[in-house]
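So that the names make sense, note that chain A is the first sequence line, chain B the second, and so on, each numbered from 1.
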Amino acid sequence: MVDRLESLFERYVSESYIFTNRDVLSHDFIPSQLPHREGEILRLGSILAPSLRKMKCSNVFIYGKTGTGKTAVSKYVLSRLSKKSEEIGGNVKVCYVNCRVAGTEYRIAASICSFLGVNIPFTGLSTAEVLNRFTVRIREVKAHLITVLDEIDVLVKGYGDRLLYELTRINENLGAGRVSLIGISNDLYFKELLDPRVLSSLSEEEVVFKPYTASQLKDILLQRAKLAFKPGALTDSALNLCAALAASEHGDARRALDLLRIAGELAERDNAEKVEDRHIKEAQKRIEHDRVFEALSSLPLHSKIILHVLYSADKAGKKGVTTGELYDKYLSTCSQLGVENLTSRRVGGLLNELDMLGVVNAQIVNLGRYGRTKQIKIKVPAKILEKAFKEDLYLGSLFNS
DNA sequence: CGTCCACAGGAATGACGGGCGG
DNA sequence: CCGCCCGTCATTCCTGTGGACG
């Protein structure tokens with residue numbers, strides 16, 4: 001026993017069979033070259049280049065599906081631009097904000113400010129005040145700030161285009177300095193939600209990122225694999241499989257890299273010498289499992305109760321529950337657990353959130369004389385749900401009986 | 001062909017915890 | 001320390017609605 005533990009430790013201390021540098025496969029790694037995106041890089045570069053000569057540059061709207069390199073290309077071009085600006089003593093500053101990560105209008109504004117060295121408290125100020133301080137600061141340092149708003153559709157869907165409107169208008173009463181915007185979205189139709197004035201201002205230029213094809217994905221993987229894996233540690237067929245799987249999921253390079261990294265980790269844990277097809281397949285299962293597990297276990301209590309109701313119905317062989325049935329069972333579950341219940345209005349809201357998350361499938365159906373309701377079905381495998389809820393402080397007890 | 005079911009989901013409002021400037 | 005404002009979660013009240021039934 002001791003010896004086996006010793007050898008396990010020893011394996012971790014000694015060099016890995018598989019990886020030379022696993023970080024190359026992580027999300028935030030930006031390689032020195034981005035294969036199959038030369039066109040987009042040059043395009044974005046030529047749009048932003050005027051800023052180096054203290055000239056106005058157009059706002060840009062970038063769209064394309066997830067994992068098509070939008071973020072990587074933007075960050076790459078921005079970092080090169082800011083390097084060049086430093087070199088020539090320019091005043092171009094760059095700033096990157098992910099709207100989904102930041103969350104609210106306020107935090108996005110605060111986050112932009114922090115790039116200019118203005119510290120904004122967590123909360124306490126109005127968004128208008130934050131923007132005001134931002135404007136003052138821009139004028140002060142006379143900077144040309146190029147702001148990337150990643151996942152801008154999340155901002156607009158949640159809070160409307162007020163912030164964007166303010167940002168596009170800021171230049172109008174700004175003596176010195178300038179603000180240019182780069183909006184990134186993976187939803188092509190979100191433009192419809194924008195006020196025409198904001199839209200025309202934001203999409204002075206547009207860049208579209210097409211999904212990678214399987215062979216392009218293969219090139220990308222090959223490039224990273226050279227840096228990440230030991231020579232010969234990745235089989236050709238595993239690499240091909242990886243590219244093929246990711247290509248079938250809308251040419252998502254991020255997904256492909258995740259697959260490769262996790263497959264590598266699995267192979268390493270297996271003490272295998274090479275990453276093979278089975279590791280890739282296993283990795284795909286793992287990713288899906290983890291995604292769902294994570295989503296489920298971080299849910300608020302009442303969402304979990306709702307899911308448990310649907311889970312029980314599903315286990316009883318019911319195919320779909322109506323809103324009324326759901327709410328009845330929800331009430332009884334709450335009293336069983338000794339938890340205060342929410343109103344049906346709120347439960348409906350939570351249900352919609354679960355639908356958006358893809359955990360649940362809710363469809364409005366018309367039963368004519370018998371009303372208009374929703375048919376709700378659970379979409380996650382029972383096993384994962386059990387695993388995610390068994391540890392829950394409140395819900396755990398429901399599984400022991 | 002009108003009714004009326006059983007909800008959907010928008011708007012207004014309130015409670016609450018947190019952080020600000022003064 | 002206080003009064004104020006914010007974001008978040010939840011409630012209350014409300015209007016809207018597609019189609020089977022009578």
Side-chain angles (χ1 to χ4, degrees), chain A residues 97-114 116-137 149 151-152 154-167 192-193 195 295-307 309-310 313 318-335 337-378 392-395:
Chain A
V97 183
N98 182 307
C99 299
R100 192 173 44 77
V101 173
T104 63
E105 259 184 337
Y106 179 86
R107 289 206 288 263
I108 292 166
S111 176
I112 297 173
C113 280
S114 73
L116 289 171
V118 184
N119 264 331
I120 300 291
F122 266 83
T123 167
L125 304 180
S126 69
T127 310
E129 174 57 19
V130 176
L131 283 173
N132 193 27
R133 292 187 188 189
F134 170 70
T135 320
V136 168
R137 180 68 175 179
L149 296 171
E151 307 200 48
I152 197 172
V154 176
L155 163 67
V156 175
K157 279 173 194 156
Y159 301 90
D161 54 9
R162 233 179 45 232
L163 182 65
L164 289 181
Y165 181 68
E166 296 295 334
L167 283 174
E192 290 165 14
L193 304 174
D195 184 290
L296 289 185
S297 38
S298 61
L299 246 29
L301 173 64
H302 289 276
S303 300
K304 286 185 178 175
I305 297 176
I306 292 168
L307 273 181
V309 170
L310 294 171
K318 279 199 165 195
K319 47 182 189 332
V321 178
T322 64
T323 310
E325 289 170 336
L326 171 71
Y327 192 62
D328 280 350
K329 298 229 178 79
Y330 163 81
L331 288 177
S332 61
T333 310
C334 279
S335 67
L337 294 172
V339 176
E340 290 252 347
N341 64 283
L342 303 176
T343 52
S344 58
R345 178 69 185 85
R346 183 64 190 133
V347 168
L350 290 175
L351 195 66
N352 281 341
E353 283 172 27
L354 292 173
D355 194 12
M356 300 264 254
L357 267 175
V359 176
V360 138
N361 190 332
Q363 266 192 331
I364 299 174
V365 286
N366 275 296
L367 274 25
R369 185 76 253 233
Y370 303 105
R372 194 164 177 268
T373 182
K374 269 180 171 173
Q375 275 289 329
I376 308 144
K377 275 191 336 201
I378 193 160
D392 189 276
L393 193 57
Y394 290 91
L395 286 160

task: Starting at atom CG of A:Asp355, determine the distance to atom P of B:dA8, rounded to an integer number of angstrom.
output: 12 Å
- prompt: Would you say A:Arg372 reaches B:dC7's phosphate, i.e. side-chain N/O to OP1/OP2 under 4.0 Å?
  reply: no
task: May I have the distance from A:Tyr327 (atom OH) to B:dG9 (atom P), rounded to whole angstrom?
output: 17 Å
- request: Return the minimal non-hydrogen interatomic distance between A:Ile152 and A:Cys99, and the atom names on each side.
  value: CA-SG, 4.0 Å
message: If I compare all heavy atoms of A:Lys318 with all of A:Glu325, which pair ends up nearest, and what's the gap?
response: NZ-OE2, 3.6 Å
task: Could you state the atom-to-atom distance from CG of A:Leu350 to C1' of B:dA8 in whole Å?
output: 15 Å
message: I need the CD-P distance between A:Gln375 and B:dA6, as an integer number of Å.
response: 14 Å
- prompt: Please give, in whole Å, the distance from B:dA15 P to A:Arg346 CZ?
  reply: 17 Å
query: Where the side chain of A:Tyr370 is concerned, which of B:dA11, C:dG18, C:dC21 is the nearest nucleotide?
result: C:dC21
query: Looking only at side-chain N and O atoms, does A:Thr323 come under 4.0 Å of OP1 or OP2 in B:dA8?
result: yes
- request: Using whole Å, report how far CD of A:Glu340 lies from C1' of C:dC9.
  value: 15 Å
field: Protein-nucleotide distance (A:Leu367, atom CG; B:dC5, atom P), rounded to Å
entry: 14 Å
query: Any donor and acceptor pair, going by atom type alone, linking the side chain of A:Tyr330 with main-chain N or O of A:Leu342 inside 3.5 Å?
result: yes
- prompt: Looking at A:Asn352, does any N or O in its side chain come under 4.0 Å of the phosphate oxygens OP1/OP2 on B:dA8?
  reply: no
- prompt: Looking only at heavy atoms, which two atoms of A:Glu340 and A:Cys334 are closest? And how far apart?
  reply: O-SG, 4.4 Å
message: If you go through the side-chain atoms of A:Arg369, does one of them form a donor-acceptor pair with the base of C:dG18 closer than 3.5 Å?
response: no
message: At 4.0 Å (heavy atoms only), tell me whether A:Gly324 reaches a base, stays on the sugar-phosphate, or touches nothing.
response: sugar-phosphate
- request: Can you tell me the distance, in whole Å, between the CD1 atom of A:Ile376 and the P atom of B:dA6?
  value: 15 Å
- prompt: Taking for each residue the nucleotide of DNA chain B bearing the nearest heavy atom, is the 5' side occupied by A:Arg345 or by A:Glu325?
  reply: A:Glu325
message: So, does A:Lys374 get its side chain near the phosphate of B:dA6, meaning an N or O under 4.0 Å from OP1 or OP2?
response: no
- line: dist A:Leu310:CG -> A:Leu326:CG (nearest 0.5 Å) comes out at 5.5 Å
- prompt: Under 4.0 Å between a side-chain N/O of A:Thr343 and OP1 or OP2 of C:dA10, yes or no?
  reply: no
